[in-house]
Amino acid sequence: MMNLSSKYRMFKSNKFLLIVLLSLLSFNTIISQESRRYKKGFSNELISSFSEFQKDLLKKEQKLWKRHHELIKETLSEIQESIIGDSSINIRERHKNLMKSLTDEQKIMVKKFEERIDTIRQKFYESLSDKQKNFIRKKRKRSKRND
């Protein structure tokens with residue numbers, strides 16, 4: 001039979017192990033979220049070489065995408081929503097059908113959005129060093145989509 005002090009020590013050690021385990025899990029989660037923020041198919045080497053300006057441009061692009069999706073979502077008709085919700089066709093076909101069904105106002109919104117995104121992407125591309133461009137080319141060569 002265990003005495004009271006050994007039970008107490010066992011409880012303390014289990015509590016300590018639980019705290020360490022939870023700390024490790026939360027730390028890993030924080031690190032993975034930080035690296036995922038800029039991921040977009042970039043290698044870890046490339047991500048670590050980004051300047052603050054480049055990270056800001058990527059954040060702006062993400063915010064612009066979110067805002068654009070929200071604005072478009074507000075203007076969707078029931079037919080357009082049904083096109084988006086149709087799981088019987090693939091994403092490309094849904095996108096193609098949705099683009100055909102856009103009103104003139106929605107097309108203008110999309111065109112303005114694309115112009116803004118293009119300017120951000122152009123600034124980002126111009127800010128890349130030769131080393132960073134080589135990292136991107138290296139990744140693209142390994143990509144099966146580009147075959």
Side-chain angles (χ1 to χ4, degrees), residues 7-8 10-147:
K7 284 184 181 182
Y8 180 73
M10 195 166 95
F11 175 73
K12 281 285 209 182
S13 65
N14 286 341
K15 190 175 179 182
F16 176 75
L17 288 174
L18 182 63
I19 290 172
V20 169
L21 180 66
L22 289 175
S23 299
L24 286 174
L25 287 174
S26 64
F27 184 69
N28 285 338
T29 304
I30 290 168
I31 290 174
S32 68
Q33 287 173 347
E34 184 64 28
S35 66
R36 240 183 304 155
R37 179 175 294 161
Y38 309 110
K39 193 66 175 163
K40 290 182 68 173
F42 297 140
S43 68
N44 289 334
E45 299 156 315
L46 179 60
I47 292 170
S48 64
S49 72
F50 284 158
S51 67
E52 286 303 314
F53 176 72
Q54 291 168 330
K55 289 178 182 179
D56 288 340
L57 286 174
L58 290 174
K59 287 178 187 176
K60 283 181 185 178
E61 183 184 357
Q62 287 176 340
K63 286 180 185 177
L64 188 58
W65 273 105
K66 286 179 185 177
R67 195 173 336 135
H68 173 68
H69 282 276
E70 290 168 2
L71 291 174
I72 288 291
K73 215 182 261 191
E74 292 173 3
T75 65
L76 290 177
S77 67
E78 288 182 26
I79 294 169
Q80 291 167 335
E81 288 178 359
S82 67
I83 291 171
I84 292 171
D86 186 7
S87 61
S88 64
I89 55 177
N90 65 26
I91 292 173
R92 287 186 182 173
E93 287 295 319
R94 278 187 270 185
H95 183 264
K96 187 176 162 184
N97 293 341
L98 181 63
M99 294 308 284
K100 287 179 186 177
S101 71
L102 293 179
T103 65
D104 290 336
E105 291 175 10
Q106 289 171 326
K107 287 178 183 177
I108 291 170
M109 278 178 37
V110 169
K111 184 173 173 86
K112 287 181 181 178
F113 165 74
E114 288 173 350
E115 290 171 358
R116 290 176 69 194
I117 284 290
D118 287 343
T119 58
I120 291 173
R121 288 183 178 169
Q122 185 64 33
K123 285 181 186 177
F124 181 76
Y125 181 76
E126 290 170 356
S127 72
L128 291 173
S129 68
D130 290 336
K131 185 178 179 182
Q132 291 171 327
K133 288 177 184 177
N134 286 334
F135 280 135
I136 292 172
R137 285 186 202 113
K138 183 179 174 183
K139 176 74 174 176
R140 285 187 180 156
K141 286 180 184 176
R142 286 186 272 146
S143 173
K144 292 184 179 181
R145 281 191 226 157
N146 294 327
D147 289 344

*For residues 93-103, pull every pair meeting side chain to side chain donor-acceptor pair (under 3.5 Å), keeping only residues two or more places apart or in separate chains.*
Thr103-Gln106
*Ile120: side-chain contact (heavy atoms from CB on, under 4.5 Å) partners, not counting sequence neighbours*: Leu57, Lys60, Glu61, Leu64
*Can you tell me if CG on Asp104 sees more than 12 non-hydrogen neighbours from other groups inside 6.0 Å?*
no
*Please check if atom CG in Asn90 has more than 12 non-hydrogen atoms from other residues, nucleotides or ligands closer than 6.0 Å.*
yes
*So do Ile72 and Leu102 actually touch side chain to side chain, heavy atoms under 4.5 Å?*
no
*All side-chain hydrogen bond (donor to acceptor under 3.5 Å, both in side chains) counterparts of Glu78, not counting sequence neighbours*: none
*Knowing that exactly one of His69, Glu74, Lys73 qualifies, which makes a side chain to side chain contact (heavy atoms under 4.5 Å, CB included) with Leu71?*
Glu74
*Out of curiosity, Phe50 CZ to Leu128 CG, how far, rounded to the nearest 0.5 Å?*
6.5 Å
*Could you pull out all residues at least two apart from Thr119 that satisfy side-chain hydrogen bond (donor to acceptor under 3.5 Å, both in side chains)?*
none
Determine all donor-acceptor pairs shorter than 3.5 Å in which one atom belongs to a side chain in residues 107-116; sequence neighbours excluded.
none

*asked:* Using every non-hydrogen atom in the two residues, find where Phe124 and Gln54 come nearest and quote the distance to one decimal.
replied: CE1-CB, 3.7 Å
*Please list, chain by chain and in numerical order, all residues satisfying side-chain hydrogen bond (donor to acceptor under 3.5 Å, both in side chains) with Glu81, sequence neighbours excluded.*
none
*asked:* Would the distance check show the side chain of Glu70 and the main-chain N or O of Arg67 forming a donor-acceptor pair, the cut-off being under 3.5 Å?
replied: no
*Got a second to check how far Leu58's CG is from Arg121's CZ, nearest 0.5 Å?*
10.0 Å
_With Lys66 via side-chain contact (heavy atoms from CB on, under 4.5 Å) - residues at least two apart_ = none
_Just checking Lys123: does its NZ atom have more than 12 heavy atoms from other residues, nucleotides or ligands closer to it than 6.0 angstrom?_
no
*Evaluate whether atom CD of Glu126 has more than 12 neighbouring non-hydrogen atoms of other residues, nucleotides or ligands under 6.0 angstrom away.*
yes
_Just to verify, what does Ser82 make a side-chain hydrogen bond (donor to acceptor under 3.5 Å, both in side chains) with, not counting sequence neighbours?_
none
